[in-house]
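The next block holds one structure in the form of structure tokens; read it before the comments.
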Amino acid sequence: MSTRVGQKQAARMVRDQIAREKRRSRTLWTTIIAVAAIVIAGMIGWGVYASQDSGTYVAPPGATSDGSGISVGSGPVKIDVYEDFICPACGQFETQSGAALDQLVTDGKVTIVYHPVAYLDRASTTDYSTRASAASGAAAEGGKFREYVKALFAKQPAEGSAGLSDNELIEIGRSIGLGDAFAQAVRDGKYKSWTSHVTDEASEAGVNGTPTVKVNGKDVQLTTQAILAAVG
């Protein structure tokens, strides 16, 4: 009888030992999984930070090889136009010289690189310069960059105001034939990183005000006559 009792006690001790080992194993794996989750989350967070910090950007179709602007035309003379969509002087320049620039492109005389910078985010309460520039990138993706730029300036908000809402930016796009892909790109801020890049590149090039126009790398006066004379 005592032998059977001893066997039962031994068996119970073995079962208890196995149970303890299982509990330790579960605890160990739970800890490993939790640590792994923390590490993975940290890696993802670092990846996002590193991406932003490294200046990574998504450039729209039609952008120059260095991503600093949108190239229009294929003529031998290069014109660089730096503009901010809430800048009143930029709106005036578009009204006065935009058609002449378009004609130079049509005539095959120039390649124009438009640089939609965001110097004046401080001049609105909603970072309108960045949002409008990013929307122009979305319009370039839809093949209607110049049409969108002209439509934007036609409805230019007052400097110091909130600027146009994203919905209004989308409606302007729809009015010139841009569709759902454009609307989604505006809502997602798809080209905001590109806007930052364009702005940084302009600053590095020594551009500190808008509008600025360069013909073959040289500053020219902001008149149609001066630009045409420089083009030759």
Side-chain angles (χ1 to χ4, degrees), residues 47-85 87 90 93-94 97-98 100-121 127 129-153 169 173 176 178 181-182 184-186 188-220 222 227 230-232:
V48 172
Y49 169 78
S51 164
Q52 294 172 342
D53 191 55
S54 66
T56 300
Y57 62 92
V58 177
T64 56
S65 59
D66 63 359
S68 67
I70 299 295
S71 184
V72 177
S74 57
V77 177
K78 182 186 177 187
I79 300 177
D80 289 282
V81 178
Y82 297 84
E83 54 194 0
D84 190 306
F85 291 122
C87 162
C90 295
F93 175 77
E94 176 63 37
S97 301
L101 293 178
D102 290 339
Q103 190 60 50
L104 288 171
V105 169
T106 299
D107 294 342
K109 293 182 177 181
V110 302
T111 297
I112 303 178
V113 179
Y114 289 94
H115 308 266
V117 298
Y119 286 162
L120 296 176
D121 272 342
D127 291 338
S129 294
T130 289
R131 293 189 298 105
S133 174
S136 76
E141 180 182 326
K144 291 182 177 290
F145 175 77
R146 275 298 289 155
E147 295 93 329
Y148 191 70
V149 166
K150 286 184 276 190
L152 268 184
F153 278 126
L169 292 173
I176 60 170
L178 291 167
F182 166 79
Q184 193 62 52
V186 172
D188 292 345
K190 181 176 181 179
Y191 293 111
K192 285 185 177 180
S193 61
W194 171 71
T195 292
S196 295
H197 176 72
V198 171
T199 304
D200 290 344
E201 289 291 300
S203 296
E204 289 182 14
V207 176
N208 53 26
T210 55
T212 291
V213 177
K214 298 176 181 285
V215 175
N216 285 336
K218 296 181 179 180
D219 289 343
V220 298
L222 300 172
I227 294 170
V231 170

Considering non-hydrogen atoms only, spot the tightest contact between [X] and [Y] and give its length.
X: Thr199; Y: Ala118; value: OG1-N, 2.9 Å
X: Pro61; Y: Ile70; value: O-CD1, 4.2 Å
X: Thr195; Y: Ser133; value: OG1-OG, 2.9 Å
X: Tyr57; Y: Gly67; value: OH-CA, 3.7 Å
X: Lys190; Y: Val58; value: O-CB, 4.2 Å
X: Tyr148; Y: Ala135; value: OH-CB, 3.5 Å

Scan the side chains in residues 205-218 for donor-acceptor partners under 3.5 Å anywhere in the protein, sequence neighbours excluded, and list what turns up.
{"from": "Thr212", "atom 1": "OG1", "to": "Gly209", "atom 2": "O", "distance (Å)": "2.7"}
{"from": "Lys214", "atom 1": "NZ", "to": "Asp219", "atom 2": "OD1", "distance (Å)": "2.7"}
{"from": "Asn216", "atom 1": "OD1", "to": "Lys78", "atom 2": "N", "distance (Å)": "3.1"}

Check: Glu201 and His115 side chains under 4.5 Å, non-hydrogen atoms: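 They are not in contact (no side-chain heavy atoms under 4.5 Å apart), so the answer is no.
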Side chain proximity check, Phe145 to Ser71, heavy atoms < 4.5 angstrom: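 Counting from C-beta outward, Phe145 and Ser71 never come under 4.5 Å.
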Ring pair (Phe, Tyr, Trp, His ring centres under 6.0 Å) partners for Tyr191, two or more places apart: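 Not a single residue meets the ring pair (Phe, Tyr, Trp, His ring centres under 6.0 Å) criterion with Tyr191.
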Ring pair (Phe, Tyr, Trp, His ring centres under 6.0 Å) partners of Phe153, counting only residues at least two apart: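 Once residues adjacent in sequence are excluded, the partners of Phe153 under the ring pair (Phe, Tyr, Trp, His ring centres under 6.0 Å) criterion are Phe85.
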For Thr130, side-chain hydrogen bond (donor to acceptor under 3.5 Å, both in side chains) partners two or more places apart: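 Residues passing side-chain hydrogen bond (donor to acceptor under 3.5 Å, both in side chains) with Thr130: Asp121.
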Residues which pass side-chain hydrogen bond (donor to acceptor under 3.5 Å, both in side chains) with Asp102, listed by chain and number, not counting sequence neighbours: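 Here the qualifying residues are Arg146, Lys150.
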Nearest-0.5 Å distance, OG of residue Ser136 to CG of residue Leu152: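 Answer for the OG-CG pair, Ser136 versus Leu152, is 7.0 Å.
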For Ile112, all residues meeting side-chain contact (heavy atoms from CB on, under 4.5 Å), sequence neighbours excluded: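 By the side-chain contact (heavy atoms from CB on, under 4.5 Å) rule, Ile112 matches Ile79, Val81, Leu101, Val105, Val110, Tyr114.
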Ring centres under 6.0 angstrom apart (Tyr119, Tyr82):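 Between Tyr119 and Tyr82, the centre distance exceeds or equals 6.0 Å.
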Derivation and outcome, side chain to side chain contact (heavy atoms under 4.5 Å, CB included), residues Glu83 and Val149: CA-CA 10 Å; Glu83 54 194 0; Val149 166; 3.9 Å; yes
